[in-house]
Novice: 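Dumping the structure here so I can ask a few things about it.
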Protein chains: 2
Amino acid sequence: MPHKLRSDAMDNRARIQDAARALFSAEGLDVPMREIARRAGVGPATLYRHFPTKQTLVAEAFADQLRACRTIVDEGCADPDPWRGLCLVIEKICELHARDRGFTEAFLSTLPGAPDVAGREYTLKAVAGLAQRAKDAGRLRPDFVLDDLVLVLMANKGIHAASTATRVRASRRFAGLAIQAFEACPHRAPLPPAARLGSAAPAGA
Amino acid sequence: MPHKLRSDAMDNRARIQDAARALFSAEGLDVPMREIARRAGVGPATLYRHFPTKQTLVAEAFADQLRACRTIVDEGCADPDPWRGLCLVIEKICELHARDRGFTEAFLSTLPGAPDVAGREYTLKAVAGLAQRAKDAGRLRPDFVLDDLVLVLMANKGIHAASTATRVRASRRFAGLAIQAFEACPHRAPLPPAARLGSAAPAGA
DNA sequence: AGCGAAACGGACGAGGGCGTCCGGTACCGT
DNA sequence: ACGGTACCGGACGCCCTCGTCCGTTTCGCT
């Protein structure tokens, strides 16, 4: 990886990333490449030269979002109270996703083996550990499975609203409901069996 | 409304509706009109003649789904136990939506004032009554609001999976979780405030 | 059977997204 | 300051979708 980019090239690259982040965040993942280029003030060719495929751009654009995600999970895991940690993770991640339209799509992506997979897998693994501890502490219902979390994230993605503010509010309430559904409770009725959604599923178009 | 359609015209109309139902159901609302025409074995012009706008077609195609929806709600309302009725409504409607990709989009549609609005409003009203009775019976949490149901339906829409079967399974479990979150429970923590999603919201593109 | 009208569907032009090529521009080293 | 070159971006061709027009087919009535 020779970093020998000319100064104007580096500049353009940076501006493209900024534009992509802004647009993905606001509009979702399916903004035309053209529009990203336009907002970045470059031609389409330049964009394609820097990021031959949209996935490359997406991966770069959400690298720090993913880092934020990992940070949240790490914080949650660091909490001495695993249940509180888990709640924190759910709340924060839901909010993160509510604020960023594109990130959700990228995260739960139907994209096959995106480069972020490593980070995603790591995150899921860590949460799995946290969940186990929360179960052991008797706060998380014993029949919770990791796919339930994926389910909640997917579901959270389904929440649409006119404004970001409304979406965030709705998402917060949703997270609250999810948490209470996950909480261990003496007289819980059994749940229908979980469906496999999580890691593998290529989820064809 | 002169029903004076020629027999071949009626036949075509019926085949178009069938095709539309099948495709909307399987692929969602954004299948090309062309493809519907192709599957129905007619030309594009014929399709456009019968249904000048996509909304018209959508409305026709989901008329019976909406009826099914109303039936479910009616059954729920008829149940002497309002809580059980409400659970039934949630489960059935989630399943209905999980089975039909397009219906969810049509139901929670961002479409402005679709002709189904009447049915939708009616449904919401009826559920509101049911919910009130369930609250009075002490089974539904008092801080439940109707928008929570909309929230759940939206969220249910977010659930994606490779196969319909998987989606239905996931949806069932999700409904189970939602129900338990809604259930009145002695030591419930307060929820974040609800966001207005329901009836009005034009929800711009 | 034969005629008028209703209905059909292939064909058209516009609009937009995609990925690529090439003449021109601006940077960087000397 | 000047040449070489890395880099830029407008322009091109391709494909897909949309909604409409018009010559042709088919129905239904007598």
Side-chain angles (χ1 to χ4, degrees), chain A residues 1-20 22-24 26-61 101-102 105-106 109-112 114 204-205, chain B residues 1-20 22-24 26-61 101-102 105-106 109-112 114 204-205:
Chain A
M1 263 198 191
H3 291 21
K4 303 224 163 216
L5 273 180
R6 232 169 60 180
S7 67
D8 55 343
M10 282 189 46
D11 197 53
N12 277 335
R13 188 184 180 84
R15 249 175 320 124
I16 289 172
Q17 283 180 343
D18 284 349
L23 286 177
F24 284 154
E27 314 275 349
L29 241 45
D30 47 5
V31 284
M33 291 291 257
R34 238 62 180 198
E35 193 159 326
I36 297 173
R38 221 173 303 134
R39 177 190 260 252
V42 303
T46 302
L47 194 162
Y48 281 109
R49 198 173 312 113
H50 282 291
F51 305 95
T53 154
K54 191 175 230 174
Q55 259 196 44
T56 323
L57 184 54
V58 169
E60 294 263 352
R101 217 164 147 45
E105 298 178 39
S109 176
T110 67
L111 302 172
Chain B
M1 257 196 197
H3 292 17
K4 303 224 162 215
L5 273 179
R6 235 169 58 179
S7 67
D8 55 343
M10 283 190 45
D11 198 53
N12 278 334
R13 189 185 177 83
R15 250 175 318 123
I16 288 172
Q17 283 181 343
D18 284 350
L23 286 176
F24 284 153
E27 315 275 349
L29 241 44
D30 47 4
V31 284
M33 291 291 257
R34 239 63 181 195
E35 192 159 328
I36 296 173
R38 221 173 302 134
R39 177 191 260 252
V42 302
T46 302
L47 194 161
Y48 281 109
R49 198 171 314 111
H50 282 291
F51 305 94
T53 153
K54 190 174 228 174
Q55 261 196 45
T56 323
L57 184 53
V58 168
E60 294 263 352
R101 217 164 149 43
E105 299 177 39
S109 177
T110 68
L111 302 172

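All values derive from a computational prediction rather than experimental measurement. Order of the sequence lines sets the chain letters (A, B, ...), proteins ahead of strands, with each chain counted from 1.
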Novice: Enter the distance from A/Ile36:CD1 to A/Gln17:CD here, rounded to the nearest 0.5 Å.
Specialist: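 Taking CD1 in A/Ile36 and CD in A/Gln17, the distance rounds to 11.5 Å.
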Novice: If a pair satisfies salt bridge (charged side-chain N to carboxylate O under 4.0 Å, His left out) and one of its residues is in residues 50-61 of chain A, list it, with sequence neighbours excluded.
Specialist: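 Salt bridge (charged side-chain N to carboxylate O under 4.0 Å, His left out) check on residues 50-61 of chain A returns A/Arg13-A/Glu60.
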Novice: Using a 4.0 Å heavy-atom cut-off to protein, can you give one letter per nucleotide of nucleotides 1-11 of chain C, 5' to 3': B if the base is in contact, S if only the sugar-phosphate is, - if neither?
Specialist: ----BBSBBBB
Novice: What is the distance, to the nearest angstrom, from the CZ atom on A/Phe51 to the C1' atom on C/dT20?
Specialist: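 Rounded to the whole Å, the gap is 18 Å.
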Novice: Find the distance A/Leu23:CG to C/dG17:P and express it as a whole number of Å.
Specialist: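 It works out to 13 Å between those atoms.
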Novice: Any idea which heavy atoms bring A/Glu27 and A/Asp30 closest together, and the distance?
Specialist: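 Of all heavy-atom pairs spanning A/Glu27 and A/Asp30, the closest is O-OD1, 4.0 Å.
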Novice: Kindly indicate whether the side chain of B/Glu105, heavy atoms from C-beta on, has any atom under 4.5 Å from the side chain of B/Phe24.
Specialist: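 They are not in contact (no side-chain heavy atoms under 4.5 Å apart), so the answer is no.
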Novice: Can you measure A/Tyr48 atom OH to C/dC22 atom P for me and round it to whole angstrom units?
Specialist: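 Nearest whole value for this atom pair: 18 Å.
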Novice: If the condition is side-chain contact (heavy atoms from CB on, under 4.5 Å), which residues does A/Thr53 pass it with, not counting sequence neighbours?
Specialist: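 By the side-chain contact (heavy atoms from CB on, under 4.5 Å) rule, A/Thr53 matches A/Gln55, A/Thr56.
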Novice: Would you mind reading off the distance between A/Arg38 atom CZ and C/dG16 atom P, rounded to a whole angstrom?
Specialist: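 Rounding to the nearest Å, CZ of A/Arg38 and P of C/dG16 are 10 Å apart.
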Novice: Could you work out, with salt bridge (charged side-chain N to carboxylate O under 4.0 Å, His left out) as the rule, every residue matching A/Arg49, not counting sequence neighbours?
Specialist: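 Per chain and number, A/Arg49 pairs via salt bridge (charged side-chain N to carboxylate O under 4.0 Å, His left out) with no residue.
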Novice: Can you check whether A/Leu57 reaches A/Ile16 side chain to side chain, under 4.5 Å on heavy atoms?
Specialist: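 Yes, side chains in contact.
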Novice: Below 4.0 Å from chain A heavy atoms, what is the first contacting nucleotide of DNA chain D and what is the last?
Specialist: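 From 5' to 3', the first and last contacting nucleotides are D/dA6 to D/dC12.
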Novice: Under the side-chain contact (heavy atoms from CB on, under 4.5 Å) test, which residues partner B/Arg34, sequence neighbours left out?
Specialist: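 side-chain contact (heavy atoms from CB on, under 4.5 Å) check on B/Arg34 returns B/Pro32, B/Arg38, B/Pro44, B/Tyr48.
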Novice: Whole Å only: how far is the CG atom of A/Asp30 from the P atom of C/dG16?
Specialist: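 Computing the A/Asp30:CG to C/dG16:P distance gives 17 Å.
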